[in-house]
Amino acid sequence: MTATLLDGKTSARAWRAATAARVERLRMKKIVPGLAVVLVGHDPASEIYVRNKARQAEKVGIVSTVRRLAESATQAEVLATVAKLNQDQEIDGILVQLPLPPHLNEAEILLAVDPAKDVDGFHPYNLGQLWSGRPNLVPATAAGIMKLLADHQLSVAGKNAVVLGRSLIVGRPVAGLLLAADATVTIAHSHTANVQTLCAQADLLIAAVGQADFVTADFVKPGAIVIDVGTNRVAGHLVGDVAPAVATRAGYLTPVPGGVGPMTIAALLSQTVDLAEGRVYHG
Ligand code: NAP
């Protein structure tokens, strides 16, 4: 058996085109969606992510602004920046690029973002909505995974789903969305016993561990859907958490690169436009 590849590039392209069409309709009503990114310091990976987000946002017609603060910025300075963006009528979505420098209190800063502009879905209000079964603004990677599954007509209802990883960015929100979509969900983490046996029972396996080749073929039930979220650099190449041999056992598999990655930014853009559309209805 060779797994059907779930092509995120094609799905993301179509999603971005749909988002661009929505932006066009908003612009006809004189509404220009605005996305603001708060970037503290000069983490090289964050610089790349922020540049990519800004470029892709502009391609679909969203105006994107980056608020840069020095590595040495104080908690009060970051909070003041967020507060200003909360008040800014031109800004629909605010995201604080993580990780923040270690001297900053990340939880307090995420809490300061207006939940109605929390396009990354990290505010406890939006996380609460998600775990109450009413997802609205959700972390982009999780939203992107659900869209990729839907685009391939892969229903999760009633499926036994195992999520490897419990981060705020990926594991927890994707588990919440799967539960809201009626999957039976198990979340595994570094303290979980018998991870391989657990995974081998999954109809849907989401790997978000951040270790190359963590998921080997013996972790996978024949025919299962395997979503590889991992992005690991090995000898200059980008590889996922799933070993190549899994392709001979899974029914469906996301490639790395070209699977979940492109869907993440497409999800962010779509959610920014959701918020801008809210301006039409809420004035
Ligand atoms: P993270 O915060 O480091 O979380 C990793 C998770 O894996 C933790 O919950 C950890 O458990 C768990 N884990 C570690 N060892 C394990 C084991 N032996 N068995 C089961 N679980 C184990 O990473 P993240 O931010 O979620 O990201 C995960 C991966 O996805 C990374 O490679 C990252 O680069 C990638 N990523 C990709 C995208 C994309 O758009 N493609 C977006 C975001 C992240 P504990 O909680 O117990 O430590």
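Hydrogens, waters and symmetry mates play no part in the numbers below; they use all other heavy atoms, side chains included. In listed order, ligands and their atoms are each counted from 1.
- For atom 3 (O) of ligand 1, the nearest non-hydrogen atom of the protein is Val209 O, 4.4 Å.
- Closest to atom 42 (C) of ligand 1, if we only count protein heavy atoms, is Thr141 OG1, 3.2 Å.
- Residue pairs that meet the salt bridge (Lys or Arg N to Asp or Glu O under 4.0 Å) test with at least one member in residues 29-48, sequence neighbours left out, are Glu47-Arg68.
- Remark: of the listed residues Asp120, Asn126, Leu130, Asn126 is the sole one forming a side-chain contact (heavy atoms from CB on, under 4.5 Å) with Leu137.
- The ligand atoms of ligand 1 that sit less than 4.0 angstrom from a heavy atom of Thr264 are 39 (C), 40 (O).
- Ranking the protein heavy atoms by distance from atom 4 (O) of ligand 1 puts Ser167 CB, 3.9 Å first.
- Between Asp274 and Arg22, at least one side-chain N (NZ, or NE/NH1/NH2) sits under 4.0 Å from a carboxylate O, which counts as a salt bridge.
- Screening Leu205, Asp241, Val242, Thr186 for a side-chain contact (heavy atoms from CB on, under 4.5 Å) with Leu164, the sole residue that qualifies is Leu205.
- The Gly261 neighbourhood of ligand 1 comprises atoms 40 (O), 41 (N), with distances under 4.0 Å to a heavy atom of that residue.
- Within ligand 1, counting atoms from 1 as listed, the ones closer than 4.0 Å to a heavy atom of Asn232 are 32 (O).
- The single protein non-hydrogen atom nearest to atom 17 (C) of ligand 1 is Phe214 CZ, 3.5 Å, given as residue, atom name and distance.
- Taking the six-membered ring where the residue is Trp, Tyr125 and His123 present perpendicular rings, their angle passing 60° and hence far from 30°.
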- Query: side chain to side chain contact (heavy atoms under 4.5 Å, CB included) between Leu95 and Leu35: does it pass, once the steps are laid out?
  - Reply: CA-CA 8 Å; Leu95 69 87; Leu35 173 67; 4.2 Å; yes
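- Atom 47 (O) of ligand 1 has as its closest protein heavy atom Ser190 OG, 2.5 Å.
- Val32 and Val273 are assigned to two separate hydrophobic clusters, defined by single-linkage of ILVMFWY side chains at heavy-atom distances under 4.5 Å.
- The protein non-hydrogen atom at the shortest distance from atom 12 (C) of ligand 1 is Gly165 CA, 4.0 Å.
- Neither the backbone nor the side chain of Thr192 comes within contact range of ligand 1; no heavy atom lies under 4.0 Å.
- For Lys159, the NZ atom sits in a packed shell: over 12 heavy atoms of surrounding residues, nucleotides or ligands are nearer than 6.0 Å.
- A salt bridge does not link Lys84 with Asp88: every distance from a Lys NZ or Arg NE/NH1/NH2 to an Asp or Glu carboxylate oxygen is 4.0 Å or more.
- Here the protein heavy atom with the shortest distance to atom 30 (O) of ligand 1 is Val229 O, 3.4 Å.
- Atom 44 (C) of ligand 1 has its closest protein heavy atom at Val170 CG2, 3.7 Å.
- Residue Gln211 places a heavy atom less than 4.0 Å from ligand 1.
- Between Lys117 and Asp92, no side-chain nitrogen of the basic residue sits less than 4.0 Å from a carboxylate oxygen of the acidic one, so the salt-bridge criterion is not met.
- For the residues Thr231, Val162, Leu268, the heavy atom positioned nearest atom 33 (C) of ligand 1 is part of Thr231.
- Between Arg166 and ligand 1, an N or O atom pair is found at a separation short of 3.5 Å.
- Ligand 1 lies nowhere less than 4.0 angstrom from a heavy atom belonging to Gly171.
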